[in-house]
Novice: 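Below you will find the structure I want to go over with you.
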Amino acid sequence: QVQLAESGGGLVQAGGSLRLSCAASGRTFSSSAVGWFRQAPGKDREFVAGINWSSHNTVYADSVKGRFTISRVSGRNSVYLQMNSLEAEDTAVYYCAAKIWGYTATPPVMTYEYDYWGQGTQVTVSS
């Protein structure tokens, strides 16, 4: 089993920044990819960003390109999401997810492709 825990959410004004963290625990964390998703009230969960664990290749949703950066530090079981120039439309619960089974060169963008999920952290951007 792998447990994922998000942190770093909060309330921020439009134009501000937040840095989300996703920490993994449990069995040795060996993932092929880690993704960040978000879900706003009344909307489906949507892909935000993903990173390939070994190559560090990244993928971003068009809505966050140039504003958000996903990263990981080698040797640490953590993934980060730096969010800059936040907009009211970024308000949502943010989830990290890990794909453990099966290799993928490109981080998946669909929720069903991920094996483990965190509980989420709320991000609220006031306009």
Novice: Output all residues satisfying side chain to side chain donor-acceptor pair (under 3.5 Å) with E87, sequence neighbours left out; order by chain, then residue number.
Specialist: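 So E87 forms no side chain to side chain donor-acceptor pair (under 3.5 Å) with any residue.
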Novice: Looking at N57 and I51, would you say the former's side chain and the latter's main chain have a donor-acceptor pair under 3.5 Å?
Specialist: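 Checking the backbone N and O of I51 against the side chain of N57, no donor-acceptor pair under 3.5 Å is found.
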Novice: Please check if L20 and V12 belong to a single hydrophobic cluster, counting links between Ile, Leu, Val, Met, Phe, Trp and Tyr side chain heavy atoms closer than 4.5 Å.
Specialist: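 In one cluster: yes.
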Novice: If you look only at pairs with a residue in residues 41-52, which of them pass as a salt bridge (charged side-chain N to carboxylate O under 4.0 Å, His left out), with sequence neighbours excluded?
Specialist: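 Those involving residues 41-52 are R38-E46.
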Novice: Between the side chain of E6 and the main-chain N/O of Q119, is any donor-acceptor distance below 3.5 Å?
Specialist: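 Here the side-chain-to-backbone pair exists.
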Novice: Mind checking whether T91 and V123 have side chains closer than 4.5 Å, heavy atoms only?
Specialist: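 No, every pair of side-chain atoms sits at 4.5 Å or beyond.
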Novice: Does the K65 side chain pair with the main chain of R67, one donor and one acceptor, at a distance under 3.5 Å?
Specialist: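 Such a contact is absent between K65 side chain and R67 backbone.
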Novice: Not counting sequence neighbours, which residues clear side chain to side chain donor-acceptor pair (under 3.5 Å) with D115? List them please.
Specialist: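 So D115 forms no side chain to side chain donor-acceptor pair (under 3.5 Å) with any residue.
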Novice: For residues L81 and R19, determine if any side-chain heavy atom of one lies less than 4.5 Å from a side-chain heavy atom of the other.
Specialist: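 They are not in side-chain contact.
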Novice: Pick from V109, T69, V48: which one makes a side chain to side chain contact (heavy atoms under 4.5 Å, CB included) with Y60?
Specialist: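 Among V109, T69, V48, the one meeting side chain to side chain contact (heavy atoms under 4.5 Å, CB included) with Y60 is T69.
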Novice: Strictly distance-based, threshold 3.5 Å: is any side-chain N or O of T124 a donor or acceptor partner for the main-chain N or O of L11?
Specialist: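 Checking the backbone N and O of L11 against the side chain of T124, no donor-acceptor pair under 3.5 Å is found.
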Novice: Under the ring pair (Phe, Tyr, Trp, His ring centres under 6.0 Å) test, which residues partner Y114, sequence neighbours left out?
Specialist: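 With neighbours one apart ignored, the set is F37.
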Novice: Heavy atoms, side chains only, cut-off 4.5 Å: are V34 and W53 in contact?
Specialist: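 A side-chain contact exists here, since the closest heavy-atom pair is under 4.5 Å.
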Novice: Kindly indicate whether a cation-pi arrangement holds for R72 with Y80, taking the cut-offs as under 6.0 Å to the six-membered ring centre and within 45° of the axis.
Specialist: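 No, R72 does not sit over the ring of Y80.
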Novice: Heavy-atom count around Q122 CD within 6.0 Å, excluding the residue itself: above 12?
Specialist: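 More than 12 within 6.0 Å, yes.
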Novice: Tell me, which pairs form a disulfide bond (SG atoms under 2.5 Å apart) where one or both residues lie in residues 58-127, sequence neighbours left out?
Specialist: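 Qualifying pairs, neighbours excluded: C22-C96.
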Novice: Disulfide bond (SG atoms under 2.5 Å apart): which pairs involve residues 58-93, sequence neighbours left out?
Specialist: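 Qualifying pairs, neighbours excluded: none.
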